[in-house]
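Scroll down for the structure; my scribbles are underneath it.
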Amino acid sequence: MNNLLKLFLIAVALVTAIPSFAVTDKEMEHARAIAAKHYLRYANNGSDYLDKLNPTSVSELSKSLRTKEQENIKSFNAVAVPKDYASWDKQKLVEYWSKTFFKAPGLKEDGKKCLSILAKNLNKMSVADPSAAKPAEQPAAEPKPAEPKQEPAAPAPDAEKGAPNTPDNAAPTAPDYAAADDGGEPDQVDAAVAQAEADAGLAEEPKKSSNTGWYIGILVVLVGVVIWLVMYASKSMKETGSTLADHKAGEKEIREAKKAAKEELNKMREQYASSLTSKNEEIKQYKSQLEELERQLAAAKQAAAGSRRELDAAKREIASLRQTLSEQKSREQAPERAPQPKPQPKQQPEPQRQAPQRAPQEQGAAPAPKAPVAARPGGLPPMVFLSYVNQKGLFTKASRSLNPETSVYRMDIPDGHHGNFRVVNDAEILDRLIDDPEKWLAGGCVIENPEDADIAAEIVTLQTGEAVFADNTCRVVKKARIKFV
């Protein structure tokens with residue numbers, strides 16, 4: 001009987017010591033916090049900081065939320081939660097927080113993208129069977145067997161008087177046996193002894209049963225505590241292992257990302273170094289080509305300078321020949337012009353006979369043939385050399401011969417009043433003209449290609465200009481048209 005009672009109590013303790021798998025308030029709040037975390041994480045793209053949080057309640061989660069998530073959680077908290085979750089099992093809890101809850105209106109569609117991963121994380125929770133028994137209370141004291149009523153034995157009154165109060169001393173005393181030997185009946189004595197032994201055994205059995213029950217109860221409690229601690233430690237280790245696995249996976253991803261970034265950076269550096277090397281080679285080639293071109297240009301400049309010196313010498317010789325030829329022509333034309341203003345008088349016989357009478361008149365009329373020469377203003381020659389034209393359109397200087405320091409134009413004057421001028425194409429004055437064409441040429445010429453002045457070796461007059469003499473001045477009427485060649 002005692003063994004059966006002990007086995008029963010141990011079985012009850014083991015059953016009650018098994019942790020409950022029914023949904024408790026704490027587990028319901030934990031599931032709600034997990035659902036809120038995942039909802040807020042997907043409702044806003046910038047809320048990746050929530051991945052590092054592991055809240056066990058919504059209030060704990062709210063303390064770590066930022067402004068945007070504080071606004072988003074209002075719609076989450078507005079959904080009413082059922083009150084009968086104490087009878088749920090794990091499957092119903094996961095189904096509610098991963099499906100049924102998010103069918104409520106007012107929730108953001110982006111936040112509902114978390115349902116698959118939310119169900120996966122909720123399945124990691126341990127939830128009990130709703131039919132599990134309530135936690136065991138302190139084991140009740142082992143029921144005592146009913147004590148039989150003790151009927152006093154008539155033949156042994158002395159034995160009742162001499163029996164002590166405690167059950168351990170309920171055995172008959174010596175005087176009882178002596179009394180029985182003195183004349184008591186043997187059957188009554190045996191009955192009294194048997195009754196005393198029975199009373200002593202019944203009194204001892206409840207004491208032993210009571211002590212054993214307390215020991216069993218304490219043992220059951222200890223076993224239950226140990227089992228609960230083992231289950232709690234196992235659960236904690238699983239959660240810790242899952243967290244560590246997540247951290248390790250994250251660290252692995254970070255290492256892989258760093259490795260990929262480093263490889264990409266090295267690849268970019270190699271490409272940059274290769275590109276830089278090729279560009280440096282191109283620059284070296286261009287420099288060598290430039291140096292070669294500079295040497296060729298220097299040689300060409302030297303050759304051009306030599307050719308220009310030869311050309312200048314030839315031009316000076318040509319100009320000298322032209323001037324000599326012009327002077328020779330002017331000398332040849334001078335005698336021919338002289339007789340023109342001196343017309344010979346008609347040969348008449350009659351005036352010859354009267355010569356003595358008309359002599360004074362003929363002598364007074366002798367200077368008349370020089371009138372055409374006096375028609376040139378200021379005694380201008382048929383050709384003069386002029387300097388540059390000022391802002392008023394007047395030639396600044398004039399001379400009968402070429403002056404290398406001031407002469408610019410050569411003008412032919414056929415009638416003494418009007419003249420045609422052109423730029424003197426002489427090597428002695430060419431450098432001076434092309435060094436400052438604005439001063440020397442712009443007043444009296446229209447230049448077709450002024451940009452070629454630096455490389456010009458000659459100035460060609462395409463169309464002569466026109467000028468007029470009046471009041472001892474020479475004014476430009478029409479500019480000459482020239483070109484640098």
Side-chain angles (χ1 to χ4, degrees), residues 311-312 315-334 337 341 370-485:
L311 180 63
D312 291 342
K315 287 181 178 180
R316 286 194 294 271
E317 185 176 357
I318 292 172
S320 177
L321 292 175
R322 285 179 177 176
Q323 185 175 2
T324 302
L325 181 61
S326 176
E327 291 176 356
Q328 185 177 0
K329 286 182 178 180
S330 62
R331 286 195 298 271
E332 290 177 356
Q333 291 176 358
R337 292 179 181 179
K370 297 181 180 179
V373 177
R376 293 179 178 275
L380 292 175
M383 181 183 68
V384 294
F385 293 92
L386 303 174
S387 185
Y388 67 94
V389 180
N390 60 19
Q391 296 180 353
K392 296 180 180 181
L394 302 176
F395 291 95
T396 56
K397 291 183 181 181
S399 62
R400 293 177 179 271
S401 60
L402 179 66
N403 186 350
E405 296 181 356
T406 59
S407 296
V408 178
Y409 305 101
R410 191 198 75 182
M411 180 180 291
D412 296 327
I413 312 172
D415 59 357
H417 294 281
H418 298 85
N420 298 324
F421 63 91
R422 65 177 59 243
V423 177
V424 177
N425 193 10
D426 187 86
E428 294 183 1
I429 67 173
L430 181 62
D431 292 338
R432 173 168 54 83
L433 298 182
I434 63 177
D435 286 343
D436 193 0
E438 185 68 23
K439 174 183 177 182
W440 299 104
L441 300 174
C445 300
V446 176
I447 306 172
E448 288 193 351
N449 56 339
E451 67 278 359
D452 295 337
D454 294 338
I455 59 174
E458 186 178 356
I459 301 176
V460 177
T461 302
L462 301 178
Q463 184 177 357
T464 58
E466 297 179 4
V468 62
F469 291 91
D471 299 331
N472 294 323
T473 59
C474 183
R475 181 180 298 277
V476 175
V477 177
K478 179 181 178 182
K479 291 184 178 183
R481 185 174 295 276
I482 63 174
K483 182 179 181 180
F484 294 111
V485 295

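Here the structure is a predicted model, which means the values were calculated and not measured. As a basis for the values below, the full set of heavy atoms in this structure was taken, side chains included, without hydrogen atoms, waters or symmetry mates.
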Inset, instruction - Give a yes or no on this: more than 12 heavy atoms of other residues, nucleotides or ligands lie within 6.0 Å of atom CZ of R322. - result: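 12 or below, so no.
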Inset, instruction - Decide if atom OH of Y388 counts as having more than 12 heavy atoms of other residues, nucleotides or ligands within a radius under 6.0 Å. - result: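 Incorrect, the count does not exceed 12.
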Inset, instruction - Hey, could you give me each pair passing side chain to side chain donor-acceptor pair (under 3.5 Å) that has a residue in residues 456-471? Not counting sequence neighbours. - result: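 The answer is N425-E458.
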Donor-acceptor pair, distance only, cut-off 3.5 Å: does the side chain of [X] make one with the backbone of [Y]?
X    : Y    : value
T473 : A470 : yes
R432 : W440 : no
R475 : K392 : yes
T406 : S387 : no

Quick check for you: to the nearest 0.5 Å, what is the distance between [X] atom [atom1] and [Y] atom [atom2]?
X    : Y    : atom1 : atom2 : result
N390 : K397 : CG    : NZ    : 12.5 Å
F421 : D412 : CZ    : CG    : 12.0 Å
D436 : D431 : CG    : CG    : 13.0 Å
I318 : L325 : CD1   : CG    : 12.5 Å
F385 : F395 : CZ    : CZ    : 13.5 Å

Per-pair distances, 0.1 Å, donor-acceptor, side chain in residues 441-457, under 3.5 Å, sequence neighbours excluded:
unit_1 : atom_1 : unit_2 : atom_2 : d
N449   : OD1    : F484   : N      : 2.9
N449   : ND2    : D452   : OD2    : 3.1
N449   : ND2    : F484   : O      : 2.8

Considering all heavy atoms, the nearest [X]-[Y] contact:
X    : Y    : result
R410 : M383 : CD-SD, 3.5 Å
S407 : S401 : OG-O, 4.2 Å
A480 : G465 : CB-N, 3.4 Å

Inset, instruction - With I459 as reference, evaluate I429, V485, L430 under the side-chain contact (heavy atoms from CB on, under 4.5 Å) test and give the passing residue. - result: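 When I429, V485, L430 are each tested with I459, the side-chain contact (heavy atoms from CB on, under 4.5 Å) holds only for L430.
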